[in-house]
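A short write-up of the structure that comes next.
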Amino acid sequence: MKRLIYNDLLRWKSRADRKPLILLGARQVGKTYILKEFGNNEFKQVVYLNCHQNKFADTLFRDFSVERIVTDLERYYEAKIVPGESLVVFDEIQEVKDGLAVLKYFCEDMPSLHVAVAGSLLGISLKADESYPVGKVNTLRMYPMTFTEFLLACGRDRLVELLNTLNWEEINAFSDIFINYLRQYYFVGGMPEAVKSFTESNDTLLVREIQHEILDAYMLDISKHTKHKAGKIRQLWNSIPAQLARENKKFIFSAVKKGSRAADYEEAIQWLVDAGLVYKVERTTAPIMPLKFYCDYSAFKLYFLDCGLLACQSEASPKDLLLGTNAFESFKGAFTENYVLQQYIAVAGVNPYYFSKDNSSMEIDFLYQHEGSIVPIEVKAEVNVKSKSLNNFVNVDFADKHLKALRISMKPYIDQGWMENIPLYAAEVVFRKEEGKK
């Protein structure tokens with residue numbers, strides 16, 4: 001399956017100042033697949049070592065002699081490793097002692113060799129490892145498949161080409177087709193195994209089974225790697241769909257367990273964030289750059305890494321999602337926000353903020369910084385697009401900031417001067433254009 005991160009890997013390969021690569025990302029987003037695919041296509045040889053429960057890997061990094069490590073790999077695989085022609089991949093690198101620390105020595109002693117590492121809980125290891133090779137590695141982060149990657153997997157390359165033109169008159173002519181695929185994406189999401197199953201079988205029950213298996217694997221990771229914190233992490237994780245179902249999606253600790261406080265769950269939230277399983281969107285109190293200076297760390301929202309997994313965890317009916325019925329009206333906004341956020345983070349690589357006014361119901365779903373300005377975003381699940389809060393935010397409360405907003409909804413594109421309405425199915429390509437990415 002085509003993944004847009006492939007272009008980032010190509011740029012890494014050709015960098016004059018290239019260092020060993022750390023590929024971050026949650027379990028089962030496709031890290032191993034893309035590294036093997038990249039290696040097979042762009043190098044004469046791939047040397048791949050999975051470090052999970054591997055006795056050879058346990059002894060490979062017994063010292064930091066890069067020459068000895070490469071020689072041991074050559075003997076193990078009966079292959080000659082040639083800088084410039086070979087890609088060495090260490091998977092599940094967090095499972096072995098000093099696996100990350102040794103990257104410093106690959107950078108210093110054998111910089112011409114292409115080395116890449118990945119791991120399902122590598123984000124957790126980076127937080128805990130005191131021997132992280134600061135300044136000696138490049139990093140990339142991989143996310144679930146975006147909507148355009150889903151379209152490519154469905155064989156709709158021409159539709160992706162059309163979206164990328166941003167020719168709204170032509171795009172509007174295909175809106176029904178795009179909306180149909182968007183509803184499929186709401187259900188399937190972007191986990192590669194679920195997408196592959198759906199495109200090959202069109203079996204919704206099988207897709208849901210795969211999603212359950214992925215969620216079960218996450219729970220096993222939590223139990224294995226957190227021990228005494230596992231119960232709190234699971235409680236918090238299981239509460240997210242109900243939190244998102246509320247009109248005000250601000251995370252409420254007492255909704256996890258009666259009487260709970262922030263201090264009870266701070267470590268649990270950070271674990272889920274570091275594992276890549278949730279996105280944390282924090283509140284900002286003013287649309288002024290840099291937004292981080294005005295961040296209210298006590299108020300935030302938590303979203304799932306993938307809208308398909310959110311649908312599974314919420315036990316949303318495939319029929320309701322695929323046909324767009326009103327059976328889950330109260331939760332539809334949560335799916336749509338999760339979808340838009342998922343596209344933005346995959347493109348920009350950073351979390352946006354949200355805005356809410358003190359002592360008021362006014363709330364703006366997302367705010368992000370772009371080329372020296374702040375862009376407010378309002379997300380609407382369907383064509384009912386009354387935007388009173390967004391209008392007041394841009395044209396009244398912060399009129400002196402001369403902001404231009406985005407409203408992302410099921411309606412066709414329209415530019416109203418102070419605000420552009422973007423069709424939901426085009427959110428990713430608009431974000432990509434604004435970020436200057438292809």
Side-chain angles (χ1 to χ4, degrees), residues 146-148 159 162-179 181-183 186 247-249 281 283-289 291 324 329 332-345 347-348 352-357 360-437:
T146 63
F147 180 57
T148 60
L159 288 181
L162 175 58
L163 276 178
N164 285 329
T165 67
L166 294 180
N167 182 329
W168 297 114
E169 186 176 353
E170 292 289 334
I171 289 170
N172 289 345
F174 288 84
S175 62
D176 288 348
I177 296 174
F178 282 123
I179 290 171
Y181 277 106
L182 181 62
R183 297 198 192 287
Y186 282 178
E247 185 175 353
N248 178 354
K249 298 174 179 62
V281 177
R283 176 179 180 249
T284 188
T285 58
I288 302 172
M289 294 187 66
L291 288 171
E329 187 68 38
K332 193 181 297 182
F335 278 112
T336 312
E337 283 186 32
N338 208 110
Y339 156 76
V340 170
L341 178 65
Q342 186 175 336
Q343 308 313 297
Y344 177 76
I345 290 178
V347 171
Y353 296 82
Y354 82 96
F355 173 88
S356 64
K357 201 171 183 179
S360 170
S361 61
M362 174 190 278
E363 183 172 301
I364 305 300
D365 296 324
F366 303 116
L367 277 80
Y368 69 93
Q369 299 173 187
H370 173 65
E371 294 184 350
S373 62
I374 304 298
V375 181
I377 298 177
E378 184 175 64
V379 178
K380 295 291 187 181
E382 293 293 343
V383 296
N384 181 11
V385 291
K386 293 179 181 179
S387 302
K388 183 178 179 181
S389 290
L390 188 65
N391 195 352
N392 286 340
F393 182 83
V394 172
N395 296 318
V396 180
D397 293 352
F398 298 101
D400 61 318
K401 305 299 181 188
H402 306 291
L403 304 174
K404 183 159 185 174
L406 292 180
R407 184 180 63 207
I408 306 178
S409 74
M410 283 295 193
K411 287 183 72 68
Y413 175 84
I414 185 172
D415 189 341
Q416 296 182 217
W418 65 275
M419 177 270 293
E420 285 181 280
N421 186 89
I422 306 296
L424 277 159
Y425 48 79
E428 177 199 346
V429 294
V430 169
F431 292 146
R432 201 169 288 282
K433 179 188 176 185
E434 295 201 352
E435 291 295 322
K437 295 186 177 181

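Since the model is a prediction, treat every value here as computed from it, not as a measurement.
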* Apply the test side-chain contact (heavy atoms from CB on, under 4.5 Å) to residues Asn395 and Met419: give CA-CA distance (whole Å), side-chain angles for both, the deciding distance (0.1 Å), then the verdict. => CA-CA 10 Å; Asn395 296 318; Met419 177 270 293; over 6 Å; no

message: Could you walk me through whether Phe366 and Tyr344 satisfy the ring pair (Phe, Tyr, Trp, His ring centres under 6.0 Å) test, starting with their C-alpha distance in whole Å, then the side-chain angles of each, then the deciding distance to 0.1 Å, before giving a yes or no?
response: CA-CA 10 Å; Phe366 303 116; Tyr344 177 76; 8.0 Å; no

Between the CD1 atom in Ile374 and the NE2 atom in His402, the distance rounded to the nearest 0.5 Å is 14.5 Å

**Study point:** Donor-acceptor under 3.5 Å (Asn421 side chain, Pro412 main chain)
**Key:** yes

Rounded to the nearest 0.5 angstrom, the CZ-CD1 distance for Phe178 and Ile171 is 6.0 Å

Check your understanding: Is a donor on one side and an acceptor on the other found under 3.5 Å between the side chain of Asn172 and the backbone of Trp168?
Key -> yes

Evaluate the criterion side-chain contact (heavy atoms from CB on, under 4.5 Å) for residue pair Ile408 and Phe431; output intermediate values, then yes/no. CA-CA 11 Å; Ile408 306 178; Phe431 292 146; 3.8 Å; yes

Worksheet item: Taking atom types as modelled, is there a side-chain donor on Glu434 or Tyr368 under 3.5 Å from an acceptor on the other?
Response: yes

| Would Thr148 and Gln343 satisfy side-chain contact (heavy atoms from CB on, under 4.5 Å), going step by step from the backbone distance to the final call? | CA-CA 9 Å; Thr148 60; Gln343 308 313 297; over 6 Å; no

Tightest non-hydrogen contact, residues Pro352 and Val281, listed as O-CG1, 3.6 Å

Item to complete: Could you tell me whether the side chain of Glu170 and the main chain of Leu162 form a donor-acceptor pair under 3.5 Å?
Response: no

Are the side chains of Lys357 and Asp397 in contact, using a 4.5 Å heavy-atom criterion? yes

Answer yes or no: is there a side-chain heavy-atom contact under 4.5 Å between Ile422 and Tyr413?
yes

CZ of Arg407 to CG of Leu424, rounded to nearest 0.5 Å, is 11.0 Å

Rounded to the nearest 0.5 Å, the CG atom of Leu367 sits from the CE atom of Met289 at a distance of 11.5 Å

**Study point:** Side chain to side chain, Thr285 and Tyr353, heavy atoms closer than 4.5 Å
**Key:** no

Next item on the list: Fit a plane to each ring of Tyr339 and Phe147, take the angle between them on a 0 to 90° scale, and name the class: parallel (under 30°), tilted (30 to 60°) or perpendicular (over 60°).
Entry: perpendicular

Practice task
Test side-chain contact (heavy atoms from CB on, under 4.5 Å) on Leu182 and Met410 and set out the steps.
Solution key: CA-CA 10 Å; Leu182 181 62; Met410 283 295 193; 3.8 Å; yes

Pro376 and Ile364 have their tightest heavy-atom pair at CB-CG2, 3.9 Å

In this structure, CG of Asn164 is separated from NZ of Lys433 (nearest 0.5 Å) by 11.5 Å

For the residue pair Phe355 and Phe398, does the interplanar ring angle fall in the parallel (under 30°), tilted (30 to 60°) or perpendicular (over 60°) class? perpendicular

Side chains of Lys380 and Thr336, heavy atoms from C-beta outward: is any pair under 4.5 Å?
no

- Query: Hey, does the side chain of Arg283 reach the backbone of Ser356 with a donor-acceptor pair shorter than 3.5 angstrom?
  - Reply: yes

In this structure, CG of Asp365 is separated from CD1 of Ile377 (nearest 0.5 Å) by 8.5 Å

